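Here's the structure we're looking at; comments come further down.
Every number for a ligand or one of its atoms is a count from 1 in the order of the listing. Just so you know, these numbers come straight off a predicted model, no measurement behind them.
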Amino acid sequence: MKIKENYSLLKFNSFRINVSAKFFVEVFSVSELVEVLSENIIKKEPILILGGGSNILFTKDYGGLVIKNSIKGFEVARKTDNDIFIEAGAGSLWDDLVGYCVNNNYGGIENLTLIPGTVGAAPIQNIGAYGQELKDSFYSLNGILLDNLTLKTFFKDECYFGYRDSIFKNELKNKFVITSVTLRLNKNFYPNIDYSALKEEIKEKNLSKISIGEVSKAVRNIRKRKLPDPSEIGNAGSFFKNPEISSALFIEIQNKFPNIKGYTQKSGMVKVSAAWIIEQCGWKGKSIGNASVHINQPLVIVNINNRANGSEILYLANQIKDSVKNTFNIILEEEVNIV
Ligand code: FAD
Ligand code: EPU
């Protein structure tokens, strides 16, 4: 474990932005993490914890310490008649954990197949896709509070999970390092295929019984068709969250745009597709400088030829926000963490 100075973050963010960190270190165990946090040289520095860098936009060099979390591995923590509890190191790849659970027929995270990034980042925004969210299988997590270096466990109710939201994105932002996550998975797999795109994909196969492997494969196929691959073109998935608006505003918009689709939430608010809204504002496929709105999926901003800097990406995002506000009276909220 060595703290490096003026270290390039190019390889560590899926937007492929070429910035550097004043200090950078990769940690492989909790004890290494504690050791780093106790070093005098970095005690006054701001700290940024990095997983796979797939939900982050660097707009400038980072003037502090970046800690790349590589605490890996997973193990069965406990079993009951119906459930299995798996504890995974925060630096494990999320999709490796999904693969392990799918291969062993442990149900609960198969719809979250192929989401990039690490296990430790999954609770930060309560990752979700195709009708499942992390919170549905989440049991607890362990970590370290940065201000006093004490260990702390959070159980589900203490995390305040919401749509792409949690306590770790709010009160505890940059104040807590997640070191491991424990999930409670179901030994008796039951498919959850209500999400329209997933239902269609599975229906086409005419299966008599839907296995966990089939669900995972279907999600993988949809995602490969829909989303640009960060190894080919820099991006961080959906740039914005899908907005939830009041039913009154939804009806107002529907009068002008009869094609708008809405999904009423338990709260009574209506979730609408940000991709559709952005497309109506004429942004699909449009570029400003080296930043572009993806041609197939307007919710994704891409780094053309990986030449953009973070400010160019942010400028395009802000232009999109302005026109959505002017056309629909909706304020889009970023999903990506802007640094
Ligand atoms: P990073 O980008 O490294 O970090 C994200 C945030 O979490 C940062 O604020 C960071 O400081 C913090 N953080 C990371 N690790 C820790 C830790 N151990 N302790 C404390 N804080 C930490 N997301 C979805 O929800 N659903 C999707 O379907 C989805 N699809 C995607 C598709 C593509 C092509 C891409 C590029 C991204 C997609 N994402 C999706 C977003 C992203 O994959 C998730 O947000 C993922 O959880 C980020 O993991 P990461 O390790 O890369 O996090
Ligand atoms: N919707 C439903 N039920 C359905 C179908 C769609 O509620 O049966 C809702 C969705 O929740 C979403 C909207 O309708 O609010 C549009 O859905 P679409 O399938 O077009 O997905 P999207 O908006 O392009 C969102 C996520 C993706 C995730 C997919 C699949 C956000 C910001 N994006 O994308 O996550 O993979 O749904 O669930 O919520 C990411 O977060 O980076 C990301 C790629």
Which protein non-hydrogen atom lies closest to [atom], naming both residue and atom, and how far is it?
{"atom": "atom 46 (C) of ligand 1", "answer": "Pro116 O, 3.5 Å"}
{"atom": "atom 49 (O) of ligand 1", "answer": "Ala121 CB, 3.3 Å"}
{"atom": "atom 50 (P) of ligand 1", "answer": "Gly52 N, 3.4 Å"}
{"atom": "atom 19 (N) of ligand 1", "answer": "Ile178 N, 2.9 Å"}
{"atom": "atom 2 (O) of ligand 1", "answer": "Asn55 N, 2.8 Å"}

Would you tell me which option among [options] has the nearest heavy-atom contact to [atom]?
{"atom": "atom 27 (C) of ligand 1", "options": "Gly143, Ala90, Gly128, Gly237", "result": "Gly128"}
{"atom": "atom 23 (N) of ligand 1", "options": "Gln125, Lys241, Arg164", "result": "Gln125"}
{"atom": "atom 47 (O) of ligand 1", "options": "Thr179, Thr118, Ile127", "result": "Ile127"}
{"atom": "atom 21 (N) of ligand 1", "options": "Ile71, Ile124, Val219", "result": "Ile124"}

May I ask you to list the atoms of ligand 1 that are less than 4.0 angstrom from any heavy atom of [X]?
{"X": "Asn337", "answer": "5 (C), 6 (C), 8 (C), 9 (O)"}
{"X": "Ala129", "answer": "28 (O)"}
{"X": "Gly117", "answer": "49 (O), 50 (P), 51 (O), 52 (O)"}
{"X": "Gly53", "answer": "1 (P), 2 (O), 3 (O), 50 (P), 52 (O)"}
{"X": "Ala236", "answer": "35 (C), 36 (C), 37 (C)"}

Within a radius of less than 6.0 Å around [atom1] of [X], do more than 12 heavy atoms belonging to other residues, nucleotides or ligands occur?
{"X": "Arg307", "atom1": "CZ", "result": "no"}
{"X": "Lys173", "atom1": "NZ", "result": "yes"}
{"X": "Lys203", "atom1": "NZ", "result": "no"}

Side-chain donor or acceptor of [X] paired with backbone N/O of [Y] under 3.5 Å:
{"X": "Gln265", "Y": "Tyr263", "answer": "yes"}
{"X": "Asn186", "Y": "Asn188", "answer": "yes"}
{"X": "Ser137", "Y": "Gly108", "answer": "yes"}
{"X": "Arg164", "Y": "Glu334", "answer": "no"}

Compute both the distance and the angle, then confirm whether Lys152 meets the cation-pi test with Phe154: under 6.0 Å from the six-membered ring centre, within 45 degrees of the axis. yes
Kindly indicate whether a cation-pi arrangement holds for Arg78 with Phe85, taking the cut-offs as under 6.0 Å to the six-membered ring centre and within 45° of the axis. yes
Compute the ring centroids of [X] and [Y], then answer whether they are less than 6.0 Å apart.
{"X": "Phe23", "Y": "Tyr62", "answer": "no"}
{"X": "Phe12", "Y": "Phe24", "answer": "yes"}
{"X": "Phe168", "Y": "Phe176", "answer": "yes"}

One residue to check: [X]. Relative to ligand 1, which of side chain, backbone, both or neither has a non-hydrogen atom less than 4.0 Å away?
{"X": "Lys169", "result": "neither"}
{"X": "Asn69", "result": "side chain"}
{"X": "Asn235", "result": "both"}
{"X": "Pro230", "result": "side chain"}
{"X": "Trp94", "result": "neither"}
{"X": "Ser54", "result": "both"}
{"X": "Ile49", "result": "both"}
{"X": "Lys173", "result": "neither"}

Below 3.5 Å, N or O to N or O, backbone or side chain included: is there any such pair between [X] and ligand 1?
{"X": "Leu48", "result": "no"}
{"X": "Asn174", "result": "no"}
{"X": "Gly51", "result": "yes"}
{"X": "Ile115", "result": "no"}
{"X": "Arg223", "result": "yes"}
{"X": "Leu227", "result": "no"}

Does Pro228 have a non-hydrogen atom less than 4.0 Å from ligand 1? yes
Closer than 4.0 angstrom: is that true for some heavy atom of Phe176 and an atom of ligand 1? yes
Check the side chains of Asn126 and Ser166 for a donor-acceptor pair under 3.5 angstrom, ignoring hydrogens and angles. no
Consider only side-chain N and O atoms of Trp283 and Ser323, and report whether a donor and an acceptor are under 3.5 Å apart. yes
I'd like to know if [X] and [Y] make a salt bridge, using a cut-off of under 4.0 Å between side-chain N and carboxylate O.
{"X": "Asp157", "Y": "Lys135", "value": "no"}
{"X": "Lys22", "Y": "Glu45", "value": "yes"}
{"X": "Glu201", "Y": "Arg225", "value": "yes"}
{"X": "Glu335", "Y": "Lys241", "value": "no"}

Would you call the rings of Phe74 and Tyr100 parallel, tilted or perpendicular, where under 30° means parallel and over 60° means perpendicular? tilted
Under 4.5 Å between any side-chain heavy atoms of Leu227 and Asn235, yes or no? no
For the side-chain contact (heavy atoms from CB on, under 4.5 Å) test, which of Ile56, Leu57, Asn18, Val339 pairs with Asn13? Ile56
List the protein residues in contact with ligand 2, where contact means a heavy-atom separation under 4.0 angstrom. Ala129, Tyr130, Tyr163, Arg164, Tyr195, Ser196, Arg223, Lys226, Gly237, Ser238, Phe240, Lys241, Asn242, Tyr263, Lys271, Ser273, Gln297, Leu299, Glu335
